[in-house]
Structure formats: structure tokens, C-alpha cells
Novice: 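Here's a structure for you.
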Amino acid sequence: MPMTKRRILVTSALPYANGPIHIGHLVEYLQTDIWVRFQKLRGNDCRYMCADDTHGTAIMIRARQENRSEEELIAEMQASHERDFADFEIEFDNFGSTHSDENRELCAEIWQSIRDAGLVKEKDVEQLFDTEAGTFLADRFVRGTCPKCGATDQPGDNCSSCGSTYSPAELVDPKSTLSGTTPEIRSAKHLFIELEQLHEFLNDWTQSDDRLQPEIANYLKGHFLGDPLRDWDISRPAPYFGFEIPDSPGNYWYVWFDAPIGYIASTKQWCDKQGEKLDDWWKSDDCEIHHFIGKDITYFHTLFWPGMLKTAGYRLPTKVHIHGFLTVDGEKMSKSKGTFVNARTYLDHLNPSYLRYFYASKLSAKVDDIDLSLDEFIAKVNTDLVGKVVNLASRSAKFVAKVGLSAEYPDDGGLFEHAAAVGDQIAEAYEACDYSRAMRLIMGLADRANPFVEENKPWELRKDAAQAQQLQDVCTIALNLFRQLAIYLSPVLPRLAEQTGELLGDPITNWDQAKTPLVGTPVNKFKHMLKRVEEKDLKTMIEESKETGEAASAAGETATFEDKWNDGGEALAAEPRAEECSYDDFMKVDLRVARIVSAEQVEGARKLLKLRLSLGGGETMQVFAGIKAAYEPEQLVGRLVVCVANLAPRKMKFGLSEGMVVASGPGGSEVFLLSPDDGAVPGQRVH
RNA sequence: GGUCCGGUAGCUCAGUUGGUUAGAGCAGGGGACUCAUAAUCCCUUUGUCGGGGGUUCGAGUCCCUCCCGGACUACCA
């Protein structure tokens, strides 16, 4: 181990203040917390900074909907976030907020540097403005008809039907999803950063010194750096919840400008409290800076952010560690399946150590998604943690509760020494963020320790008073081997390390404690350290997540009359009621009951199934429906559905689609076909 | 479509710069033990290392090609 003490500043991405922490977020915070705890255990001067990300249109809109101030909303969210993190034993050195004085000042300072460097330019941008809501509309708050293919109800940026991209202003018949009204096109002055001026620097920075995982460096090279970099639209016109740009009244910094500066602002807060100098951390070559982020925000952290830092004279990140997303049982987290589990819901039912260990056992330095298989979760925690590790202590501690550990460490056939040596490999694995490898190595050690106990049978030795010394020696060895494991696991399982410290009267504070056996100390009464995971607790958690998924959104809405089904307002909010239409308008759409007579996969299509609908009497239609992720062809054949029978046929990549099947839901696997009640027959019109 | 990452025992994966009969954990089967939260220990079954070509004395490991799975696809966040 290098004896020079490294100074390391670490960050996780800032959680956004419009929702609670869930188990997907926790992949990142746990990954980071483990790394930080490891560094601290190694004796490095490591600090972990984070903050809530509080600005942007989404916060503004939500505060309005909940009829309160943004400040109140973000304060409440922050309190909730901090509670969740604390209960998962995620320990920040400072947890700030992007809505802070420190951040405002730093934004202004960095902004000025970017201005001075000649990177800012002004351009007029045409954007849709919702006159009723009194706000410009981000692309995702607009829906309308695709200018290219005529598909209706498409988002403001690209068409999900034909895939073409356009600006919201090009949409035919656009509607605001906030008010349902037709927005008008307004031109506004936006400020842009000419990133292209930094192209060469970014090319070099991203491709050298192992700052990024190879697949990421490669990806940037192919996707962004191969072409001229586009100007980055850094301002938003009022109204906007954020910081107003000092030299451009009426314009606000876009949330992605001030969010990463929040890393520095949080550090500043900490420095002020600790009497440290900010420049020693953010402008010093003696300090390492490590960012941990999810793959979704790669380009903000690997292009814009280094560009900003470079221009403003700050030091650049040593490394950006990028992780994948969480899937549960091989699928995206889903509210309806109950796999969208909030941190709080988890804590209500399960021990945080379980998840800490499970994630550690799955995480590597790669960008791959990690899967939380519920069966595997139970097996891993119970077998590894309870069966192999904790069991070592619980089967030997009580035999020496009275006498303590032997005065000298007995001959153990090289077990302790071996485990001490493996410690270097484990440390390397932690350092490289290859936690799954670290966990494998540690469990390999546990697999050597248990047979030792088995062979030496302390439970027999204790029956013979003449073998008291032997008994004490065997338990001394077992407990020391256990303690080594607890030390190696302590970045992942701080609570277990604490309990081990209490049991043996020697707190675990340093990695090198694993190199020297503990002898001659008393052993305290053994207390249970970790319970097995009960499948029923896991099931209850999943069930509860199904309920809260629906109820959560309702909580913020105005409480309604007799809402006995507890239906949330989320779906309606996402897509408000359309403008009034006349009966004649309605009758233009010919809805019919139809029977699916065949359904098949379409080769090469990602979302589509090819259906043949029968309207009875031999009349059929071919329809391509985007329901592949939600339905198997076999389960569709024979069922009745409602279809649009007079929709203009559309030529699709895979053939002609002559109609539409009516369904609800946001899309993907969340698509719900409508079924008529019994008695309906194909061909009947719906009205 | 493009880019990238994968495809090794039923499952999750390890296999370093190519080198003897391909490994671990879990699950399965058999046995032992009873100190421990039915934990632990011993023995044990299973693989055309995605397919096909090639380079080599020798390939899971290198090259080509095909098949399959996944992620990403910015100018929304």
C-alpha cells in the first residue's frame, strides 16, 4: 500500500428534487459510498460531496401543481433524500443544494470566465409558449401531429411512429400538455456556449489517461467527437426556477449548467465549515477528483463539464466512473409490477446491508446494467453473508466469551497469513470499482475458514476441561479469520464492521488491521449480527410498491371526494384532456369491434407485431401495432379488440398498416388493449 | 439503420500476455455433523466455451464471417 496519503474528492450525481430516492438511484450512491469508505479505510484523505439538484421547469411545474413555492418543495424533498441516504448508511461529507448562495456565486464566476474566453454567443430560438400557463414549453411538454408522416399525438422533438426529428415549432396542431391549449410560437434570445472551440481539448481529454472506461471513450469518439460539436443552449427565458444570469436579465441558466457546479458549491460549503481552502481541492494537482454517474448523463460529464472546468481554470476530473441501470428480474423497474421500489419502502421491510452487499456482488467497472433477481438476492445474502461470514462468529464467539482471545496467535496452518496476502488483491479490486471481484475473493476466504472450524470441532473440545487451551486457540483463529472478513467487507457493510469491533473490543478503522491478528483481548457476549432474508418480507415490499406507485402521485394532488380506489392523477397529468370536439368530429372516427385472427412477430421490428383483424363476413385488415413488448402473439389470437376502421392506411417499413388497435398506457411493456364485454361481435361499431 | 458490449455447466459468473484432461459459487444428487439464525463440512452429476471458417505445433483466449441477446442513438431531461 502506498504510504503517501492521497487527497481524493468524490461525487455522485445530484438527485433531482422532484421525486424520492428509489433502489435504482441507490446503485450509484452505494457504489460511490463503498468506494469512499474504502479510500478512508486505506487512510486516504477522501471526501464525498453531493447535493440536491433543484432547478428547472419540472420543479417549477410541480410546485405550481401542488400550489406552493419551489423553495418549500425542494426543502421537503431534500429532507426526504437525506433521511433515505442516512438510513442506507450512505455517508456524505457534505450534502448541499444547487439552490444555495455558494452555487449562485460559483455559477457567476464560472460564467464570467466562459464569457471572457469568448465562448458565449446569442441566438434567437423559436419556442412554443403556453399563454395560459405563462411559460415556454420544453419539448416534452408539447404534443401534436408529426409534420412528416401525420401521426397524431407525437412528442415535441421526434415522431415515435416514423422516427423523424423536428423542432416543436414544426409540429402540426401542437398542444401544451400543461394546459391543453394551443401554444404560440415565440422567439426568444438564448445564450449558447460554442463547445466546438474546445473540440481539440476534449478529444485529447476524453481519449487519454484512462479517465473514462474504454467503451465510453470509444462511444464519445464515434458519437460526438467525430463531428463538429454543437452549440450548447445554456439559457432559458423566464419564467424558470433557477438563477437569473447576471448579465442577461430575464434569462436563467439552464439546470444542466448549474447542477455540476453544485459539486463545487457543496465542497465550498464543507470547506467553509472545516476551515479548508476550496482551491486545495478544486484547483490543485495534488487532489484527485472522481465523479460517479449513470450512463444517461455521460455527455454532460464528459464534454460540457470538462469544458467548463477547463475554461474557468479549475482542475479536471481524474476519472469519471460510469455505471449502468438497474433492472429487476431482468426487466425495467415497473410501478405496476411493484419493482419500482422506493428507498423508504425497502427500509420498511429489509435491512440495508442486504442491498449493499447484493449490489457490491454484482457491480464491476463496466457500464453494463445490473440485475436484481429476487431469488438471487435471497440466495446471496443468506448463503454468503449469514451462512458463511456471520456464522463464523456466531459458532465460535460464545466458547471464549469468558476467557477472551489467546495471548499469542496460534498456528493456523497459514490461514491468516494467506487471507492477509489476498487483502492486496481485494484492495486492488475495490480501487478499480470491481466490487464483484472483491466479493468473490472475500467469499473464497470464508470458504477456507469454515472447514477449519469444522475440522477442529470446538463444540467437542469444550467438553474436556483439559483441552481448554486448544479450544481457546481454535476460537481465536476462527474469530480472527472472521475479523479479517469484516475488515475487508467494511466498506460494504459498515454496520457489520461496527458490530465486530464491539464484539472483540477493537474498533475497525483501518485496512491494515487485517494484517495483524488480535490477541489477548476479551470477547464480549455475542449478539446476532444479521438475520436471514425472509422471502415474505421481500414479497410484502413488492406488494407495497405496487400500491404506493399508484398512491404516491395522488398524495400531492388536491384530495378528492371518496377516492376509494386510490387512483392517482399521474396519467391524466401526463396527458391532459384534449380540446372539446363535436359529436360529428367524434363520428368521423369509425371505431369497430374486431377479432384478432392472426398475430405474428415482425422480423427486424423492435416494437411491432403484425396483426390481422377480422370485422366479420370475411372482411379483414392488416395492422401493425406497437405492442410487442406487452403481448405475446399467441395470447392475442382469438380475442376481441376495438380498432379504428377508417384510418388512412400508412405505409410502414414492414408493410401497409390499415388501421389501429385501441389501447391505453404510456407504451413499451405498459400497453393495455381495450376489450369489449361479452356479447359484442366483430363488425359492430363503437359509439 | 448506425455505434458499442456481450454469448463459457440449470442459474450468476471467473478464465491474466494463446500452452497439459475448461473453473468457482449457487441450484441438483449422496453422505456427515449438531457449535451456529436448518447454518456448516465431505463427496458428486452436467459443458461440441453461440455456429462456421482461418492463423498456429497448440485457441474459450488472435483474425474473418454468420447467428443470437443487450445497451446507446445526443441537437428532451
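Just so it is clear, the values below take in all heavy atoms, side chains as well, and ignore hydrogens, waters and symmetry mates. Order of the sequence lines fixes the chain letters, A, B, ..., with proteins taken first and strands second; residue numbering starts at 1 for each chain.
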Novice: Would you classify A:Asp369 as touching base, sugar-phosphate or nothing, given that sugar-phosphate means primed atoms plus P, OP1 and OP2, and contacts are heavy atoms under 4.0 Å?
Specialist: sugar-phosphate
Novice: Just to confirm, is there a sub-4.0 Å distance from OP1 or OP2 of B:A39 to any side-chain nitrogen or oxygen of A:Arg532?
Specialist: yes
Novice: Applying salt bridge (Lys or Arg N to Asp or Glu O under 4.0 Å) as the test, list every pair that has at least one member in residues 469-486 of chain A; sequence neighbours left out.
Specialist: A:Arg483-A:Asp506
Novice: Mind listing the residues from residues 350-364 of chain A sitting with a heavy atom below 4.0 Å of RNA chain B? Number order is fine.
Specialist: A:Lys362
Novice: side-chain contact (heavy atoms from CB on, under 4.5 Å) with A:Tyr254: which residues, sequence neighbours excluded?
Specialist: A:Trp232, A:Arg236, A:Tyr240, A:Trp256
Novice: Applying a 4.0 Å non-hydrogen cut-off, can you work out what A:Asn391 is touching in the nucleic acid: base, sugar-phosphate, or nothing?
Specialist: base
Novice: Dot-bracket, 5' to 3', for RNA chain B please: Watson-Crick or G-U pairs under 3.5 Å, [ ] where pairs cross earlier ones, | where the partner sits on another strand, dots elsewhere.
Specialist: (((((((..((((.....[...)))).(((((.......))))).....(((((..]....))))))))))))....
Novice: If I pick the C1' atom on B:C57 and the same atom on B:A14, what distance separates them, to the nearest angstrom?
Specialist: 28 Å
Novice: Measuring to OP1 and OP2 of B:A74, would you say a side-chain N or O of A:Tyr219 lies under 4.0 angstrom away?
Specialist: no
Novice: Does B:C33 have its OP1 or OP2 closer than 4.0 Å to a side-chain nitrogen or oxygen of A:Lys457?
Specialist: no
Novice: According to salt bridge (Lys or Arg N to Asp or Glu O under 4.0 Å), who are the partners of A:Asp375, at least two apart in sequence or on a separate chain?
Specialist: none
Novice: Show each protein N/O and nucleotides 25-30 of chain B N/O combination with a separation under 3.5 Å, one pair to a line.
Specialist:
none

Novice: My understanding is that only residues two or more places apart in sequence, or in another chain, count here; which of them pass salt bridge (Lys or Arg N to Asp or Glu O under 4.0 Å) with A:Lys366?
Specialist: none
Novice: My understanding is that only residues two or more places apart in sequence, or in another chain, count here; which of them pass side-chain contact (heavy atoms from CB on, under 4.5 Å) with A:Ser396?
Specialist: A:Cys475, A:Ala478, A:Leu479
Novice: Going by ring-ring contact (aromatic ring centres under 6.0 Å, His included), name the residues that satisfy it together with A:Phe452, two or more places apart in sequence or in a different chain.
Specialist: none
Novice: Is A:Pro458 touching bases, backbone alone, or none of the nucleic acid, heavy atoms closer than 4.0 Å?
Specialist: nothing
Novice: Identify, with sequence neighbours excluded, every residue that meets side-chain contact (heavy atoms from CB on, under 4.5 Å) alongside A:Asn351.
Specialist: A:Ser353, A:Tyr354, A:Leu530
Novice: Restricting to ring-ring contact (aromatic ring centres under 6.0 Å, His included), what partner residues turn up for A:Phe482, sequence neighbours left out?
Specialist: none
Novice: State which residues pass side-chain contact (heavy atoms from CB on, under 4.5 Å) with A:Ser436; sequence neighbours excluded, sorted by chain then number.
Specialist: A:Ser364, A:Asp434, A:Arg440
